[in-house]
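Here the structure is laid out as structure tokens; the discussion comes afterwards.
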Amino acid sequence: MKSSRARAALLRTALGVALTCAVTTVLFFAMHGVPIWGAPSPKDVESVTVECGGANAVFTDQEKIELAVKLINRLNYQPFTPVSEASLAVGPDVAVTYQLKDGRELTAAANWVTGWWNGEAHALKEPDMFVNLAKGIFCADD
């Protein structure tokens with residue numbers, strides 16, 4: 001008898017925790033967008049190439065690499081939102097390519113309303129943010 005009550009109490013608690021986690025996740029995604037998965041660790045990046053307006057700059061210092069990796073957090077996207085055909089046709093204004101120490105390359109890019117992560121386009125939750133930050137940090141002459 002005690003065992004079945006304890007199981008029922010445990011089940012109610014687990015269900016409450018699961019429901020709270022689900023609601024919190026949905027609210028986070030609604031407010032901040034869905035984060036990009038698969039961002040590299042700064043310690044795994046050998047260099048970063050940033051392309052702004054046709055000009056390329058390569059960065060190997062750790063501070064710029066860390067900033068470039070943190071920049072991926074600005075590619076949060078709106079789930080279930082189609083990407084504008086006009087935006088796809090224009091393509092990215094800024095592209096950041098991460099050369100990893102294991103030889104792989106990952107690319108984050110964006111224009112004012114669309115973000116690309118490794119070639120896959122997403123409608124950005126915070127339009128302009130990625131481009132403004134990238135240009136301000138890496139393309140100061142632009």
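Because only heavy atoms are used, hydrogens play no part in the values below, and waters and symmetry mates are left out as well, while side chains stay in.
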> Cut-off 3.5 Å, side chains only: do T60 and E46 have a donor facing an acceptor?
Replying inline: no
>> Tell me whether K125 contacts the main-chain N or O of P79 through its side chain, where contact means a donor paired with an acceptor under 3.5 Å.
In response: no
>> With rounding to the nearest 0.5 angstrom, report the CG to OG1 distance, L124 to T114.
In response: 6.5 Å
> In terms of hydrophobic clusters joined by side-chain contacts under 4.5 Å, are V96 and V58 together?
Replying inline: no
> Any donor-acceptor pair under 3.5 Å linking the side chain of N111 with the backbone of S87?
Replying inline: yes
> Backbone N or O of D93 within a donor-acceptor pair of the W112 side chain at under 3.5 Å?
Replying inline: no
Less than 3.5 Å apart, which donor and acceptor atoms pair up between the side chains of residues 9-28 and the rest of the protein, not counting sequence neighbours?
from: T13; atom 1: OG1; to: A9; atom 2: O; distance (Å): 2.9
from: T20; atom 1: OG1; to: G16; atom 2: O; distance (Å): 2.8
from: T24; atom 1: OG1; to: T20; atom 2: O; distance (Å): 2.8
from: T25; atom 1: OG1; to: C21; atom 2: O; distance (Å): 2.9

> From F138 CZ over to N56 CG, what is the distance, rounded to the nearest 0.5 angstrom?
Replying inline: 13.5 Å
> Got a second to check how far F130's CZ is from N132's CG, nearest 0.5 Å?
Replying inline: 11.0 Å
> Where the side chain of E51 meets the backbone of V94, is there a donor-acceptor pair that is under 3.5 Å apart?
Replying inline: no
> Any side-chain heavy atom of C139 sitting closer than 4.5 Å to one from V50?
Replying inline: yes
>> Quick check: is I72 connected to F29 through a chain of hydrophobic side chains (ILVMFWY, heavy atoms under 4.5 Å apart)?
In response: yes
>> Test your reading of the model: is there a side-chain donor-acceptor pair from N118 to the backbone of T107, 3.5 Å cut-off?
In response: yes
>> Test of understanding: clusters of I, L, V, M, F, W, Y form through side-chain heavy atoms closer than 4.5 Å, transitively. Do L67 and M129 belong to the same one?
In response: yes
> How long is the gap from CZ on R104 to CG on L106, to the nearest 0.5 Å?
Replying inline: 5.5 Å
> Rounded to the nearest 0.5 Å, how far does OH of Y77 lie from CD of E120?
Replying inline: 7.0 Å
> Closest heavy-atom contact between A110 and V131?
Replying inline: O-CG2, 3.6 Å
> Nearest 0.5 Å, what's the CD1-NZ distance between I65 and K70?
Replying inline: 13.0 Å
>> Taking atom NZ as the centre, does K101 end up with more than 12 heavy-atom neighbours from other residues, nucleotides or ligands that are less than 6.0 angstrom away?
In response: yes
>> The criterion is ring pair (Phe, Tyr, Trp, His ring centres under 6.0 Å); which residues satisfy it with Y98, sequence neighbours excluded?
In response: none
>> Can a donor-acceptor pair be found, under 3.5 Å and without considering hydrogens, that links the side chain of K64 to the backbone of I137?
In response: yes
>> Testing the basics here: between W116 and A121, what is the closest heavy-atom pair and its distance to 0.1 Å?
In response: NE1-CB, 3.5 Å
> Can you tell me if D44 uses its side chain to pair, donor with acceptor, with the backbone of P40 under 3.5 Å?
Replying inline: no
>> Can you tell me which residue among L75, N76, I36 is in a side-chain contact (heavy atoms from CB on, under 4.5 Å) with H122?
In response: I36
> So which heavy atom on E66 is nearest to which on P42, and how close?
Replying inline: CG-CB, 3.7 Å
> Quick one: do L71 and V34 end up in the same hydrophobic cluster if we chain Ile, Leu, Val, Met, Phe, Trp and Tyr together by side-chain heavy atoms under 4.5 Å apart?
Replying inline: yes
> Just checking, is any N or O donor in the side chain of S47 or Q99 under 3.5 Å from an acceptor N or O on the other one?
Replying inline: yes
